[in-house]
Amino acid sequence: MKTRFAPSPTGLLHIGGIRTALFSWLYAQHNNGKFVLRIEDTDRERSTDEAVQVILDGMAWLGLDHDEGPFYQSQRFDRYKEVNEQLLEAGHAYRCTCSKERVEQIRNEAMSRGEKPRYDGHCRSLNLDDINSVIRFKTPTDGQVIVDDQVQGKVIFENSELDDLIIARSDGTPTYNLTVVVDDIDMEITDVIRGDDHLNNTPRQINILKALGAEIPNYAHIPMILGPDGKKLSKRDGAASVLQYRDDGYLPEALLNYLVRLGWSKGDQEIFSIDEMISEFDIKDVNKSASSINPDKLLWLNQHYLKNADNASLVKPLSELLKAMDLTIDTGPDLEDLIDVQKHRTETLKDMAEQSVLFYHDFDEYAENAAKKHLRPVVLEPLNVLYDALKSIQDWNNEHIKSTIEEIAEKFEMKMGKLAQPLRVAVTGTGISPSIDDTLRLLGQEKSLTRLRKAIEFIENRSSS
RNA sequence: GCUCCCUUCGUCUAGUGGCCCAGGACGUUGCCCUCUCACGGCGAAAACACGAGUUCGAGUCUCGUAGGGAGCACCA
């Protein structure tokens, strides 16, 4: 068997498209079939190179690799022309010279009569041969088309509801319903998986398929996904490029896991590795109703995958994000050490990068509330003593750092927190950071001492003024 | 307007006539843990759109109503 993903590069590929691609890819993997990537760029005015690049890069980032393609429809115009001629010759299609205005008028009239707007077949039996006219497909006037959909079930369409659709524009270029059919035949696609916005196109395509004497593939029309508000996906909640998720620090496996659970499930299971998805996924189990995306759940999944990720595997994507923030990686801690600490406390790699800035740059000033609360004269002496103790540590590791802080706290009869928190503010500028020993260790002895010294001076200046 | 599709906690979902006064997850929330923020642990609140029918029995089957979505292009 063979499935395909056939996006149109007229807008940037977003997570709705990715979910369609994922389902199609999983279905192919599950059945040991092939997966084809086809770029439907027949609308040359609206297609952009950028959109094509996003499709290619996005699929690669997520690991949704194709076995064949990418095929570009814009390179197959000769083939479509050939099929159109064939249909014309066989009497399955005809040339039509009706003006757009006339067609428009017919539609309006039909609408005002409460009917479905359709072309009236004016040129159907005129046998015109005007080369500059459009070509229409002769849709059967009676009977019905039954779409036996793997997700939607049996859906019946009356041919009388359909009209003679245009399969070639007056400039000779082919239109969507023709190119899809020709390509699916030529590429030997056995299973068509796409968004349910195409369900209404399916009977037209089946009629063309039949006229061409081709086999009808299996269809699966999966429901669309909606924004968190239950409305159509908008740019800000996922309709922008998939690559935005990469740049925002999401992990491919988290996004895929999130998407696979949208409209599909296996009992109560929430976490699926790629291998589990492949072995468990069946297109027949996909729900028929649309679902809204939930950014919080995606975040939770991302955190889950981050926590369980291999440190080394995060080095590269994290460095990209650090570089994008103009941070010089050499000036900070070893990345694997940093990741080992931060991955347990951040939701995305971007959070991780942002929360790690303190290891690269000195901060300009203390967070006001934190300084007011923790950098007070009472801690001056303990911090001074702590400074000397930290300075004398030979081997700068968690154990030594922690025991040193505990010793000093004990000496001054302070609770650990009473000393750790001022120290934290001293070296990070804020009240939030990894555990104090991890923080100091990652920061390094030299930077830790310099910042502590500065904090001590800060308290002295503040109390004297 | 016409055709097609959909409807279980806020959200994703389990549920295929009795196991369901509806289970899990995210989120929300209470407590515990704790050097901060997180993590984690233990609890809580929260749903079968509505109305008829079929049946001993309906979230589960049928019909209707309401609400939502898609399509009806010389776009894909």
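Throughout, protein chains are lettered first and strands after them, A, B, ... in sequence-line order, and every chain is numbered starting at 1.
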Which pairs, protein N/O on one side and nucleotides 39-45 of chain B N/O on the other, fall under 3.5 Å?
{"unit_1": "B:rC39", "atom_1": "O3'", "unit_2": "A:Lys307", "atom_2": "NZ", "d": "3.2"}
{"unit_1": "B:rG40", "atom_1": "OP1", "unit_2": "A:Lys307", "atom_2": "NZ", "d": "3.2"}

Using heavy atoms to find the nearest nucleotide of RNA chain B for A:Arg424 and A:Ser291 separately, return the residue whose nucleotide is more 5′.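 The 5'-side residue here is A:Ser291.
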
If you check every side-chain atom of [X], which of [options] has the closest atom?
X: A:Ser435; options: B:rC26, B:rG23, B:rU36; result: B:rU36
X: A:Lys297; options: B:rG24, B:rU13, B:rU36; result: B:rG24
X: A:Met111; options: B:rC26, B:rG1, B:rC35; result: B:rG1

Which part of the nucleic acid does [X] contact within heavy-atom distance under 4.0 Å: base, sugar-phosphate only, or nothing?
X: A:Pro434; value: base
X: A:Asp41; value: nothing
X: A:Ser433; value: base
X: A:Val134; value: base
X: A:Gly431; value: base
X: A:Thr173; value: nothing
X: A:Asn287; value: sugar-phosphate
X: A:Arg113; value: nothing

Could you tell me how far [M] sits from [N] if I compare only their [atom1] atoms? Round to whole Å.
N: B:rG23; M: B:rA47; atom1: C1'; answer: 12 Å
N: B:rG59; M: B:rU36; atom1: C1'; answer: 47 Å
N: B:rC26; M: B:rC9; atom1: C1'; answer: 12 Å

[X] (side chain) and [N] (base): donor-acceptor pair under 3.5 Å:
X: A:Ser170; N: B:rC74; result: yes
X: A:Asp197; N: B:rA76; result: no
X: A:Glu270; N: B:rG24; result: yes

Please tabulate the protein-to-nucleotide N/O contacts below 3.5 Å involving nucleotides 48-51 of chain B, giving atom names and distances.
none

Is the base of B:rC5 syn or anti, if syn means a glycosidic angle within 90° of 0?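 Classified anti.
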
Does a donor on one side chain sit under 3.5 Å from an acceptor on the other, for A:Gln421 and A:Arg424? yes

Is the NZ atom of A:Lys418 crowded by more than 12 outside heavy atoms at less than 6.0 Å? no

Using only side-chain N and O atoms of A:Arg107, determine if any of them is under 4.0 Å from OP1 or OP2 of B:rC72.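 Looking at the OP1 and OP2 atoms of B:rC72, neither is under 4.0 Å from any side-chain N or O of A:Arg107.
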
